[in-house]
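Only one structure is covered here, and it is reproduced in the block below.
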Protein chains: 2
Amino acid sequence: MTLNDVAAATGVSRATVSFVLNDDHEQRISAATRERVKQAARELGYVPHGVARALREGTSRTVVLTIDEGLEGHYSHSYVHGLDAELRAHAYVLLVRYGHHTPQTTQQLLDVIAPRAVIAFGETYLTGHELEDAGGGWRDGLAAHSALQVRHLVEHGHTRIALAVPEGGSPLAATRLKFTGQAARDLGIPVPDSFAAPQEPAACAEAVAAHLDRRPEVTAIAAFNDDVALRVLAALRDLGRRVPEDVAVIGFDDNGYGAFTTPGLTTIAIDAEAHGRLSARLALRLDTSGLLPPPARVVVRASV
Amino acid sequence: MTLNDVAAATGVSRATVSFVLNDDHEQRISAATRERVKQAARELGYVPHGVARALREGTSRTVVLTIDEGLEGHYSHSYVHGLDAELRAHAYVLLVRYGHHTPQTTQQLLDVIAPRAVIAFGETYLTGHELEDAGGGWRDGLAAHSALQVRHLVEHGHTRIALAVPEGGSPLAATRLKFTGQAARDLGIPVPDSFAAPQEPAACAEAVAAHLDRRPEVTAIAAFNDDVALRVLAALRDLGRRVPEDVAVIGFDDNGYGAFTTPGLTTIAIDAEAHGRLSARLALRLDTSGLLPPPARVVVRASV
DNA sequence: CTGAAAGCGCTTACAG
DNA sequence: CTGAAAGCGCTTACAG
């Protein structure tokens, strides 16, 4: 089923069919032909061939999201959901590419399917663009969420805080550290030190113990995310420290599993759907006004 | 940078360039020209335009994996990893599409980027193809893994088992139930009954209590996956039943979070990378021999 | 108001 | 051994 078939069935030229199907109002085509063409297209089940169109227009009706290893989580899922919904509404299809991404692999993507845009997940955070763009992270982005985490601790009387980050380092760790420090200054408490929490339980317990030895004044640990928080919680249990009496722990980006530990993990829930929708509009160069990401919430369980 | 540029730079025709770059041995082209062309292509940084090629060949160098909602987990991650690696090795790029998939959305995908293949995640399980294809699930697929779960329980003296599935139903639940029943028959124990475990804690506790009332002889619960197992574990704790003394619990598809509960969750770890590689070769119609998925392993913690 | 033509970048029979 | 030509399906100046 091609344009040619529709043209033949209607008795007009291919160009005319293209014009009416693309609603080109520069061309004055009689209402009658318009209707006949549309009718025929419908009856024949004509669907434009995306590859041909992409060759002609230079770009396909797709957007690719690249997600680097280690960046997946609850946030990314919800982000993908919003991105997908918004793109779909504009007749674009979202395709996700996993793995490690370099300028070369991105170029390859462009060469292979010529997407309208390729979005690197987390890029706005990594480049710091988020702070300037669209109202910025201090209102409803990573900065605001980081601040909420610190604030909850402060509201519960904690002023000496440590930040636990994944061992091996997440690309986002430096950014989080910066925002957390900034939030601490704004709240008038000392800027938190950070330490790495290894995957392996014994190593993690050691790391937690070492940090607590070095900073005996610390009464609360803010985690980079829930995975880290869960490891820290287990370490504290193995170390015989009571949570939250001896040390409080708060997670970040609620993944749901904090409900199953003893004590339950208090954490920050982020709804990233609106962020995803925002990215979609940015990628399509559409108006982004009226898109208000909901604020993050504290999920109160028992670890603070 | 197009074929034309390379041809111009070398002083041969576009066809010749295409022939040497695609290693067409039907054509007898002098070693000298071959070298000159390749050299020029390298120097100019020529990369074939995937969209043009796709238009000509009818299919692009991509494979799309569709993942329906609710099918994500540790298994799917590891599967995606293997699929990606294998496809990459054959110069294909893997693109993942999320959301709910219907024949229409799949057709749309075909129309938009003409992928070489679209793989529906879990399809081999859902259609039951897995059992016939490539050695089959009883050796190293879902059937074998389901059997391992039951066997571990039986080896620990349990003969009356219940299967806990997600409320709302996973597309895979029926398949799992079938395999579990089959495994039970093979091991000479009664075929397990199943019950749905709701997300909400109170409702889940109620469901677990109700099932245990109805089937007081049950001494062990096999879960559809770790998420369900974790909920069941919490329910049992809220119900005041000791695990594993009163009731044993075993998960499926280790997601790592079972390490943080008390007691720790015993579960089945599945390495799906080889399954992903297998799918890649199947999609590319390549030889699949020599690909041996490693067997699943029991991760012993404390809940059995 | 509508159609013939060019061209996006490639591959591959076909003809020398 | 190598090149001219057709054609994949579309869009869009351009000419009537």
Side-chain angles (χ1 to χ4, degrees), chain A residues 1-38 40-41 44-62 91 107-116, chain B residues 1-38 40-41 44-62 91 107-116:
Chain A
M1 253 333 107
T2 74
L3 258 197
N4 265 330
D5 298 318
V6 181
T10 333
V12 300
S13 81
R14 215 160 62 198
T16 305
V17 176
S18 177
F19 289 143
V20 349
L21 260 23
N22 289 316
D23 267 329
D24 187 337
H25 288 294
E26 300 295 285
Q27 319 288 331
R28 347 209 101 271
I29 295 174
S30 71
T33 9
R34 294 190 99 73
E35 207 30 68
R36 259 179 39 244
V37 169
K38 286 186 176 170
L44 296 173
Y46 169 74
V47 177
H49 190 283
V51 175
R53 186 180 255 175
L55 179 59
R56 171 66 225 220
E57 298 191 328
T59 153
S60 67
R61 286 340 206 217
T62 62
Q107 185 55 51
Q108 187 202 18
L109 226 37
L110 258 18
D111 295 329
V112 173
I113 62 165
R116 168 71 181 265
Chain B
M1 253 336 105
T2 72
L3 256 199
N4 265 329
D5 299 317
V6 181
T10 333
V12 298
S13 80
R14 214 160 62 198
T16 305
V17 176
S18 177
F19 289 142
V20 350
L21 261 24
N22 288 318
D23 267 328
D24 188 337
H25 288 294
E26 300 296 284
Q27 318 288 330
R28 348 208 100 271
I29 294 174
S30 70
T33 9
R34 295 189 100 71
E35 208 29 69
R36 258 180 39 243
V37 169
K38 285 185 178 170
L44 295 173
Y46 168 74
V47 178
H49 190 282
V51 175
R53 186 181 254 175
L55 178 59
R56 171 66 224 220
E57 298 191 327
T59 153
S60 68
R61 285 341 204 215
T62 61
Q107 183 57 49
Q108 188 202 17
L109 227 37
L110 259 17
D111 294 330
V112 173
I113 62 164
R116 168 71 183 267

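Atom set for the values below is all heavy atoms of this structure, side chains included, hydrogens, waters and symmetry mates excluded. We name chains A, B, ... by the order of the sequence lines, and we start the count at 1 in each one.
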According to a strict under-4.0 Å criterion, is [X] in side-chain N/O contact with OP1 or OP2 of [N]?
X: B/Thr2; N: C/dG9; result: no
X: B/Asn22; N: C/dT11; result: yes
X: B/Ser18; N: C/dT12; result: no
X: B/Thr16; N: D/dG3; result: yes
X: B/Arg53; N: C/dT11; result: yes
X: B/Arg56; N: D/dG7; result: no

At their closest point, which heavy atom of [X] faces which heavy atom of [Y], and how far apart are they?
X: B/Thr59; Y: B/Arg116; answer: OG1-CA, 3.2 Å
X: A/Arg36; Y: A/Thr10; answer: NH2-O, 2.7 Å
X: B/Ala7; Y: B/Val17; answer: CA-CG2, 3.6 Å

Sugar-phosphate only, base, or nothing, as touched by A/Val51 at under 4.0 Å among non-hydrogen atoms: nothing

Euclidean distance, atom CE of residue B/Met1 to atom P of C/dC8 [Å, nearest integer]: 15 Å

Separation of D/dT12 P from A/Phe19 CZ (nearest whole Å): 8 Å

Pairwise 5' ranking along DNA chain D for B/Glu57 and B/Ser30, keeping only the more 5' one: B/Ser30

5′-ward residue of the pair B/Ala52/B/Ile29 relative to DNA chain D: B/Ile29

Complement of C/dA4, any strand, by Watson-Crick or G-U distances under 3.5 angstrom: none

G-U wobble or Watson-Crick pairing nucleotide for D/dA13 (cut-off 3.5 Å, both distances): none

Position toward the 5' end of DNA chain C (nearest nucleotide), A/Ala15 or B/Leu55: A/Ala15

Main-chain N/O of B/Ala54 paired to B/Ser60 side chain as donor or acceptor, under 3.5 Å: no

